Amino acid sequence: MKTDSFYFLKGQYFTDFPDPRLMKNHERTETGLHERPCFFCMRDKKDQDILWMIPISSKIAKFNKVMASKIDRYGKCDTIVMGKVLGNETAFLLQNMCPVTDKYIDHEYTSNGKPIQLPEGLKNELHEKAERVLETYTFRSKKVIFPDVEKIKSELLSQLAKDRAQENTQSNAEQIRQPKKRRPVMRKKNTGKDQQRGR
C-alpha cells in the first residue's frame, strides 16, 4: 500500500464501524448526485499496519466558512487544509480523518491510469497538521476529530492480532500434517577384510 496517495474505501468499513460521524461512503454533491468520498492516505508512525485516511471535498465555499470561523475563534485552523488536486481547489478534512487497515482499501484513485501526486509543500502541511490534530485529540480534546477514532483504531488492532494468531495456528497445523522425511538407512560397506573373515 502506497502512502501519500488517494484511495476509496470498501463499503464493509462503514458496516464494521457504524460511527455516525464518519464521512459516509456516499455524499451528496452540489449537483444532487451522490459520489463516494476519496481519501488521502498516510501511515501511522507508531502502528505501521494502521493507515490514516483524510477525506477530501469539493465543497469549497462551505469549508472556507468553517475555516474562517475557527481562525476567528482560535487564531488558526489545523482541521481543514485547502489545496489543489488535479488543478481543482479541494478541502482536506482532517476533522473527519479515520484509521483503516489494508483490507478495507477498495482501489486507488488515479488519473489516466497514473497515481495522483501532490506538491511536496502540500504533503508536508498535511502530515504536520495531521500529527498536531491527532496529538490534540489524544491529549487535550476529543472534539477536534468527529469520529471516535480511538475506538476504531483499538478494534482494528484487535482484528490484526486475531488474524495473526489465526495465521500462526494454521501454519503450525500445516507443519504437523506434513509427514516427516525418513532418514535413509546407512549400511556398512562390505570390505575385503570382512570377506576374508567369512562375513
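Sequential numbering from 1 along the given sequence is applied to the chain's residues. Just so it is clear, the model here is predicted, and its values are computed rather than measured.
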Heavy-atom side-chain contact between W52 and R43 under 4.5 Å: no
pair S57-L93: side-chain heavy atoms closer than 4.5 Å: yes
Identified side-chain contact (heavy atoms from CB on, under 4.5 Å) partner of F63 from the options M67, K59, K65: K59
Test item: L122 and F92 side chains (from C-beta on) under 4.5 Å apart, heavy atoms: yes
Heavy-atom side-chain proximity of L118 to V85 below 4.5 angstrom: yes
side-chain contact (heavy atoms from CB on, under 4.5 Å) between D4 and M42, worked out: CA-CA 6 Å; D4 292 342; M42 298 187 300; 4.2 Å; yes
Student check: side-chain heavy atoms of L51 and Y7 closer than 4.5 Å: no
Test item: I145 and L134 side chains (from C-beta on) under 4.5 Å apart, heavy atoms: yes
Mutual orientation of the aromatic rings belonging to H127 and F40 [parallel < 30°, tilted 30-60°, perpendicular > 60°]: perpendicular
same_hphob_cluster(V149, F146) at 4.5 Å side-chain heavy-atom cutoff: no
Within one Ile-Leu-Val-Met-Phe-Trp-Tyr cluster: I60 and M23, side-chain cutoff 4.5 Å: yes
Reference residue Y104; test ring-ring contact (aromatic ring centres under 6.0 Å, His included); the match among F8, F17, F14: F17
Identified side-chain hydrogen bond (donor to acceptor under 3.5 Å, both in side chains) partner of K153 from the options T101, D148, D47: D47
Check ion pair E167-R164 (N to O, under 4.0 angstrom): no
Side-chain touch I54/V81, heavy atoms, less than 4.5 angstrom: no
Evaluation steps, side-chain contact (heavy atoms from CB on, under 4.5 Å), between E150 and K142: CA-CA 9 Å; E150 192 173 44; K142 302 292 183 186; 3.0 Å; yes
D19/R21 ion pair, N-O < 4.0 Å: yes
Verdict with reasoning, C98 to Y13, per side-chain contact (heavy atoms from CB on, under 4.5 Å): CA-CA 11 Å; C98 60; Y13 179 76; 3.6 Å; yes
CA sep, side-chain torsions, deciding dist, call: V133, T136, side-chain contact (heavy atoms from CB on, under 4.5 Å): CA-CA 5 Å; V133 167; T136 301; 5.7 Å; no
Shared hydrophobic cluster for Y137 and Y74 (ILVMFWY, side-chain gaps under 4.5 Å): no
